[in-house]
Number of protein chains: 2
Amino acid sequence: MTRNPNMREAILSAAESLFSTRGFNAVSIRDIALEAGANPGSVTYHFKSKDGLLLEIYKRHCGPMNKRRIELLVAARRVRDVQDRLEAIVRAYVQPAFSSSSDLAGGGARFTRLRAVMSAEGNAVVGRIIAEIFDDTTNAFIEAIEQSLPHLPRKTLVWRSQFLLGALYYTLVNPERVTRLSRGEADGADMAEAIEQLVSATVASLQAPDINGEAAAESAAKAGARKAPAGSRSRNP
Amino acid sequence: MTRNPNMREAILSAAESLFSTRGFNAVSIRDIALEAGANPGSVTYHFKSKDGLLLEIYKRHCGPMNKRRIELLVAARRVRDVQDRLEAIVRAYVQPAFSSSSDLAGGGARFTRLRAVMSAEGNAVVGRIIAEIFDDTTNAFIEAIEQSLPHLPRKTLVWRSQFLLGALYYTLVNPERVTRLSRGEADGADMAEAIEQLVSATVASLQAPDINGEAAAESAAKAGARKAPAGSRSRNP
DNA sequence: TGATAATTTGTACATCTGTACAAAAGAAAA
DNA sequence: TTTTCTTTTGTACAGATGTACAAATTATCA
């Protein structure tokens, strides 16, 4: 008897859940099968190997998530006000990572956490995918930000996009820390608030003056360090 | 014959290196022994178990790193200018994570990357340590920032400290991404630049207005969303 | 020197791992 | 029904894993 009408989905879901919380190597095929209520042999039947299973998870999510991101980005670029536009661009990048709008309900955050864990583990199977698929999307966002902040060198925007992705990842990996450090004032697992906090913080960081140059003339008289002169921040010129 | 005068150190160093790049479960005791030029049995002799080895790595680094952080924080709090002080505080948090000033040469970044990987894998052995040792230091920093930015609720500062740590972690975990996306313009492994970029971006994000309230009155007339009204950012009141 | 302690080595073992594969069970179509 | 295809199950296996432990080796010190 076929207990579960769609065992393939159950296995995928179980694997996604376990990989995203424990990592790839810490989870065995038997663990996945147990969680999915399947037989271990059934896993290799559907996905051939453990690597194949991981690959299938990526295939499942990458497309919809980045498609949604680009949709939102296109809309964001049409916003008139520079400030509003920048915020819309960042939101277009962040939002689909927390909750994919595709049919996979609530899978967005789980998949992003999975990406974070795989990235930390230096997973070889996944490394290729990241560079090939995600870099295109990220480049589109960097270009859009570049147009809204033309006075900043691309190099600096890349650094700041790195910080954004890191913040995004860690928020999903370790939400308890927010709850703990805020002594219950904030809920680290509240994704709506996470998005708002992340967007506002990122928009501000994107608008910071470049570390060398740009706002330097403003406070030239001031004695200070060589790089990143202290106290030179006030507003974009 | 004792080939290596301090085999214990060699094992610790090898384990640190392997764990920080591949994760905990992907590295076997035999891998570590091979890397250290030791016998597998020697590892359990010195550290009793694989968990014990990981624990010993943390004991080795946590103290010096957080001690250095607090030293720098104390100095930073004495800075007069608010802007300069905030920057000094953030730098005091970031700098020791990249290069510990202790006798362990260059071990700071490697250990921080290790922490990032363990955090992503949800390592149980380490979870306890993080909360007990690192939260104290982090709280000291949040308090210091709170004093420099008294108009912001603690809750918001906790979120932004979360983003800072995430950015820090990811920069060490995946520096190649910066190099790749910047098309060689930037070197993601250049830690001096990573620190400067991270500090300047973080100082700006800390100074952003709170997502609900604070700067709301300024643009009250503006039609907009409920939370985080778009276009409300201009300057701290 | 010789005796005692500290370390390193080699081996062994029970367990878990990914995967293969034949047999069984079920579903679909004739 | 019978036939054919798809899926699930159970078992097996070769290899890796953490760890224990006795023997061999080296260092320390009387």
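Every chain is numbered from 1, with letters handed out A, B, ... down the list of sequences.
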Please determine, for the side chain of Ser28(A), which listed nucleotide (dT19(C), dA12(C), dG18(C)) has the closest atom?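 Shortest atom-to-atom distance from the side chain points to dG18(C).
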
Identify which nucleotide among dG18(C), dT17(D), dT8(D) has an atom closest to any side-chain atom of Arg30(A), counting heavy atoms from C-beta outward.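 That would be dG18(C).
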
Whole-Å distance separating the [atom1] atom of [X] from the [atom2] atom of [N]:
X        : N       : atom1 : atom2 : result
Arg22(A) : dT17(C) : CZ    : P     : 10 Å
Asp51(B) : dG18(D) : CG    : C1'   : 10 Å
Arg8(B)  : dT8(C)  : CZ    : C1'   : 16 Å
Phe47(B) : dT8(C)  : CZ    : C1'   : 14 Å
Leu34(B) : dT17(D) : CG    : P     : 11 Å
Asp31(A) : dT19(C) : CG    : C1'   : 16 Å
Asn39(A) : dA25(C) : CG    : C1'   : 13 Å
Tyr45(A) : dA25(C) : OH    : P     : 17 Å

5'-most by nearest nucleotide on DNA chain C - Ser42(B) or Lys50(A):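 Mapping each residue to its closest nucleotide by heavy atoms, the 5'-most match is Ser42(B).
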
Base, sugar-phosphate alone, or nothing: which one does Val27(A) contact when heavy atoms must sit under 4.0 Å apart?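 Result for Val27(A) = sugar-phosphate.
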
Taking the cut-offs as 6.0 angstrom to the six-membered ring centre and 45 degrees off its axis, would you call Lys50(B) and Phe19(B) a cation-pi pair?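 No - Lys50(B) does not lie over the ring of Phe19(B) by the 6.0 Å and 45° rule.
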
Report yes or no: is the cationic atom of Arg115(A) (NZ for Lys, CZ for Arg) under 6.0 Å from the centre of the six-membered ring of Phe134(A), at an angle within 45° of the ring normal?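 Yes - Arg115(A) lies over the ring of Phe134(A), closer than 6.0 Å to its centre and within 45° of its axis.
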
Treating Thr202(A) as the side-chain partner and Leu198(A) as the backbone partner, does any N or O pair qualify as donor plus acceptor under 3.5 Å?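 Checked: pair present.
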
Backbone N/O of Gly188(A) and side chain of Thr179(A): donor-acceptor pair under 3.5 Å: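 Yes: the side chain of Thr179(A) pairs with the backbone of Gly188(A).
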
Side chains of Arg113(A) and Thr21(A): closer than 4.5 Å at any heavy-atom pair?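 Arg113(A) vs Thr21(A): side chains touch.
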
So which one's nearest nucleotide on DNA chain D is more toward 5', Ile11(A) or Ile29(B)?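 Between the two, 5'-proximity favours Ile11(A).
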
Is there a side-chain polar atom (N or O) of His46(B) under 4.0 Å from OP1 or OP2 of dA6(C)?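 Negative; the distance criterion is not met.
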
